[in-house]
Amino acid sequence: MRGYLFFLLVGLGLFGGMPSGVCMDNLDEISKTEAFDEGWLSLLHYQKRGDGYLSFVENEEFFLNDGGRANPQGEFLSSVQIFNQKNNQEKCAFPARFLYLQRKGLVQGNLRDCKDYQKFLADVQPKAVTMLFTNAYMSNPSSLFGHTLFRIDTKRKGTQLLAHGANFGADTGDETGVLYALKGLWGGYYGTFGIKPYYDVINLYNNIENRDIWEYELNLSDAELELFTAHMWEMQRAKIRYYFLSRNCSYVLLLMLDAVRPELRISQKFEGYTVPLATLKAVDEVPGLVKNSNYRPSRQSKLKYRAEQMNSRQYGTFIEIIHDNKIDLSSLNEEEQADVLETAYQYVQYKYVDGDLELADYRKKSLKLLMARSKIVNQRQYFDELKEGENPVEAHKAKQVGAIFGYRNGDGFQEIGFKPVYTSLLDDSYGLLKGAEINLLEGKIRHYDSRNKWEISEFNLLSIKSLAGADAMFAPLSYDIKFGYRELFDAKTGDDRGAVVLETGVGQSYALTKNTLLYAMSVPNVAYGGGLRDNGYLGIGFKGGVYYNFDKIRLNLNAMQNFTTSDTARGQTYQVEGAYGLTRDVMLYAGYKMFNSKYHDDEEFSLGVKINF
């Protein structure tokens with residue numbers, strides 16, 4: 001419709017002239033190639049669909065041509081035509097589109113009369129673009145894999161806290177629980193871009209959610225930076241269908257990079273599912289794209305690092321201060337006092353931000369510590385501040401395949417396992433959240449020598465485990481959730497029965513040392529399958545174990561007593577699993593599992609190798 005309106009305006013003499021060298025007679029011919037140029041297609045996020053194209057952006061307001069979402073050439077023609085009109089304001093809504101066509105010599109004018117956009121530029125004052133990665137947040141299902149976003153660095157003098165963060169996220173409203181998860185998996189939400197001051201980003205991720213942030217400055221030219229900033233402005237009005245596992249925050253960020261440098265084609269590497277860490281690795285692997293990286297630890301990471309530097313007398317005094325509100329420095333020499341009081345003061349700040357202290361209590365405790373600090377003779381601090389961390393781009397790759405050989409009740413077996421994402425307790429944890437296990441769509445097939453056929457032994461839709469070690473400062477909950485299909489050993493008959501199983505363990509983990517966790521949890525569980533006695537059972541289990549993770553060696557030992565409504569799974573399970581890392585992506589595996597019951601026992605030994613790729 002807009003195209004027809006354009007020709008009418010030309011006929012009435014109401015339309016401004018085309019740029020020199022471009023006339024209406026050859027614009028249509030130009031559009032046959034330029035509209036399908038990689039730069040134009042990337043800028044409007046078109047993807048090949050059958051014989052045509054379709055943009056990821058779904059709302060009509062993002063396009064200047066009726067039906068422009070599926071018509072790159074029509075959108076190209078409408079954009080050139082409308083942007084060449086005198087006093088048009090559409091260029092102010094889509095400055096990146098205008099700049100792109102201007103650089104092609106197809107439109108005239110400038111963006112100086114776009115008041116809102118110029119105000120945005122004056123506020124942002126773009127200097128560079130930085131990609132941010134926050135580690136996993138185990139309390140939010142949509143953040144289990146970490147999160148990526150952009151920061152538009154500012155020319156303002158001083159700290160980059162005055163810069164702006166640009167985040168793409170799902171507009172979920174107040175929905176939570178199962179509906180939230182299902183809609184997120186199947187595209188029930190739209191995702192939108194939001195731009196806000198970087199200090200708000202720091203406050204949310206670093207301070208409130210206690211997530212470490214890694215900053216990766218990108219090497220963009222001045223022209224790319226100008227186009228990126230303009231495109232970020234116009235993308236605030238875009239709505240893109242959001243999928244937790246594929247078209248998520250990380251994937252759309254790759255689309256943004258492809259829009260300003262189409263030859264990157266990074267988004268094309270992620271056609272199926274998208275994990276934030278994998279996209280970060282893909283960006284880092286582009287030669288020259290990442291200029292440098294910077295680590296910004298959370299409050300919790302800083303406090304743990306300070307506590308690790310304390311001797312036993314300092315730590316005992318510190319714990320007495322934060323738990324008993326009693327300041328007694330008599331056991332410390334003058335050089336040890338300032339660091340203890342500073343750490344206690346930072347801990348009080350942490351508790352207030354975390355919502356565990358009321359404002360009045362926060363002020364009272366803070367004042368008491370500051371007054372004590374002012375009275376000590378030696379004010380110097382000797383502790384190092386946490387400045388270096390484990391760079392997540394050096395973490396293991398997300399996909400994993402394994403080949404296992406073993407014996408079960410005297411019968412030899414071979415097993416092939418595969419998972420597309422992400423990490424397990426026995427995997428190398430460098431650059432990842434310690435004590436976390438996050439796996440989706442993990443499958444295993446087995447061949448038993450006596451049966452002489454391959455069978456699906458296990459297929460887990462979801463397996464999430466968080467063994468967050470509690471200590472004198474922090475006491476997070478630990479949990480273990482697993483849902484999927486598996487072959488269950490029927491204790492009554494001694495046979496295997498296929499069933500859908502859900503286990504939901506909740507408890508506590510305790511840090512015995514920096515590398516050793518002791519954990520205990522209750523495990524409500526339910527199973528359903530036609531081959532099971534009474535078609536299923538309900539159960540409550542009590543599990544305890546020890547988890548050890550030191551560089552190349554990882555061990556997980558546990559035992560569980562399960563009380564069930566059926567004899568099928570009632571009994572005790574003892575399990576030992578160990579891994580030795582040959583490299584960050586290759587490990588040797590060994591396991592032993594014993595199930596004891598009133599009727600039949602089930603014993604299994606296994607050895608193998610697992611490779612991440």
Side-chain angles (χ1 to χ4, degrees), residues 134-139 146 206 209-214 295-323 336 339-340 342-344 346-347 350-351 354 381-392 394-396 423-438 465-480 507-521 544-558 576-581 583-584 587:
T134 69
N135 62 7
Y137 182 48
M138 302 302 288
S139 297
N206 250 174
E209 295 184 351
N210 285 295
R211 301 162 72 174
D212 293 342
I213 298 176
W214 279 85
Y295 174 55
R296 190 181 290 272
S298 67
R299 284 182 184 269
Q300 192 174 104
S301 295
K302 291 177 182 178
L303 284 166
K304 287 183 176 181
Y305 185 70
R306 292 183 69 88
E308 288 173 3
Q309 298 176 71
M310 293 180 180
N311 58 41
S312 58
R313 289 179 292 104
Q314 285 178 305
Y315 190 73
T317 301
F318 168 68
I319 297 304
E320 191 175 63
I321 292 173
I322 64 174
H323 286 304
E336 296 171 334
D339 283 310
V340 170
E342 174 62 24
T343 307
Q346 290 186 21
Y347 183 79
Y350 163 82
K351 297 295 284 184
D354 202 42
Q381 294 186 47
Y382 295 88
F383 286 174
D384 295 327
E385 295 298 330
L386 181 57
K387 297 179 180 179
E388 297 182 359
E390 297 178 351
N391 197 329
E394 299 176 16
H396 70 71
T423 190
S424 299
L425 292 181
L426 296 183
D427 291 334
D428 193 306
S429 61
Y430 185 92
L432 301 172
L433 198 62
K434 303 295 184 289
E437 178 171 297
I438 310 166
K465 186 177 296 182
S466 177
L467 300 182
D471 54 29
M473 290 189 292
F474 311 106
L477 281 177
S478 291
Y479 60 86
D480 184 359
Q508 195 85 60
S509 299
Y510 300 93
L512 298 180
T513 68
K514 183 179 179 179
N515 303 306
T516 308
L517 293 175
L518 179 68
Y519 61 92
M521 58 182 67
V546 177
Y547 172 62
Y548 176 79
N549 185 338
F550 183 73
D551 195 20
K552 296 179 180 296
I553 301 174
R554 285 88 68 179
L555 296 171
N556 186 23
L557 300 81
N558 61 74
V576 179
E577 290 184 295
Y580 180 81
T583 69
R584 200 155 286 165
M587 68 176 177

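Not measured: the values here are computed from a predicted model.
In terms of heavy atoms, T516 sits closest to Y548 at OG1-CD1, 3.3 Å. Across all non-hydrogen atoms, the minimal contact from A472 to Y315 is CB-OH, 3.6 Å. Closest approach of Y547 to L425, counting heavy atoms only: OH-O, 2.8 Å. Across every non-hydrogen atom of H396 and D427, the tightest pair is NE2-CB, 3.7 Å. Across F550 and N515, no two heavy atoms sit closer than the pair CD1-ND2, 3.2 Å. Between G469 and P476, the closest heavy-atom pair is O-CD, 4.3 Å.
Put simply, the residue from V546, N556, L557 that forms a side chain to side chain contact (heavy atoms under 4.5 Å, CB included) with V576 is L557.
Between M310 and F383, some side-chain heavy-atom pair lies under the 4.5 Å cut-off. Using a 4.5 Å heavy-atom cutoff, the side chains of R554 and M587 are in contact. Two residues are said to be in side-chain contact when any heavy atoms from C-beta on lie closer than 4.5 Å; Y305 and P297 fail this criterion. A heavy-atom distance below 4.5 Å is not found between the side chains of Y295 and K387. Looking only at side-chain heavy atoms (C-beta outward), L432 and N135 stay at 4.5 Å or farther from each other. A heavy-atom distance below 4.5 Å is not found between the side chains of Y479 and K465. The shortest side-chain heavy-atom distance between Y382 and E336 does not fall under the 4.5 Å cut-off.
Among residues two or more places apart in sequence or in another chain, the ring pair (Phe, Tyr, Trp, His ring centres under 6.0 Å) test is passed with Y430 by none. Residues passing the ring pair (Phe, Tyr, Trp, His ring centres under 6.0 Å) test with F474, sequence neighbours excluded: Y350. Partners of E577 according to the salt bridge (Lys or Arg N to Asp or Glu O under 4.0 Å) rule, which considers only residues two or more places apart in sequence or in another chain, do not exist here. Here S301 pairs with D212, S298 under the side chain to side chain donor-acceptor pair (under 3.5 Å) rule; sequence neighbours left out. Applying the salt bridge (Lys or Arg N to Asp or Glu O under 4.0 Å) criterion to K434, with sequence neighbours excluded, gives E390.
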Query raised in the report: What's the verdict on side-chain contact (heavy atoms from CB on, under 4.5 Å) for Y510 and L517, showing C-alpha distance, side-chain angles and the deciding distance?
Result: CA-CA 5 Å; Y510 300 93; L517 293 175; over 6 Å; no
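K514 contributes atom NZ, which lies 11.0 Å from atom CG of N549 (distance to the nearest 0.5 angstrom). How far CD of Q508 is from OH of Y519: 14.5 Å, rounded to the nearest 0.5 Å. Taken from CD in E437 to CE in M138, the straight-line distance is 9.0 Å, to the nearest 0.5 Å. Between T343 atom OG1 and Q309 atom CD the span is 8.5 Å, to the nearest 0.5 Å. A distance of 13.0 Å separates CD in Q300 from CD in Q346, rounded to the nearest 0.5 Å. For the atom pair I322 CD1 and T317 OG1, the distance stands at 11.5 Å (nearest 0.5 Å).
N206 places a side-chain N or O within 3.5 Å of a backbone atom of R211 that can act as its donor or acceptor partner. A side-chain donor-acceptor contact under 3.5 Å links N311 to the backbone of Q314.
Among residues at least two apart or in separate chains, salt bridge (charged side-chain N to carboxylate O under 4.0 Å, His left out) pairs with a member in residues 296-306 are E215-R296, R306-D339, R306-E385.
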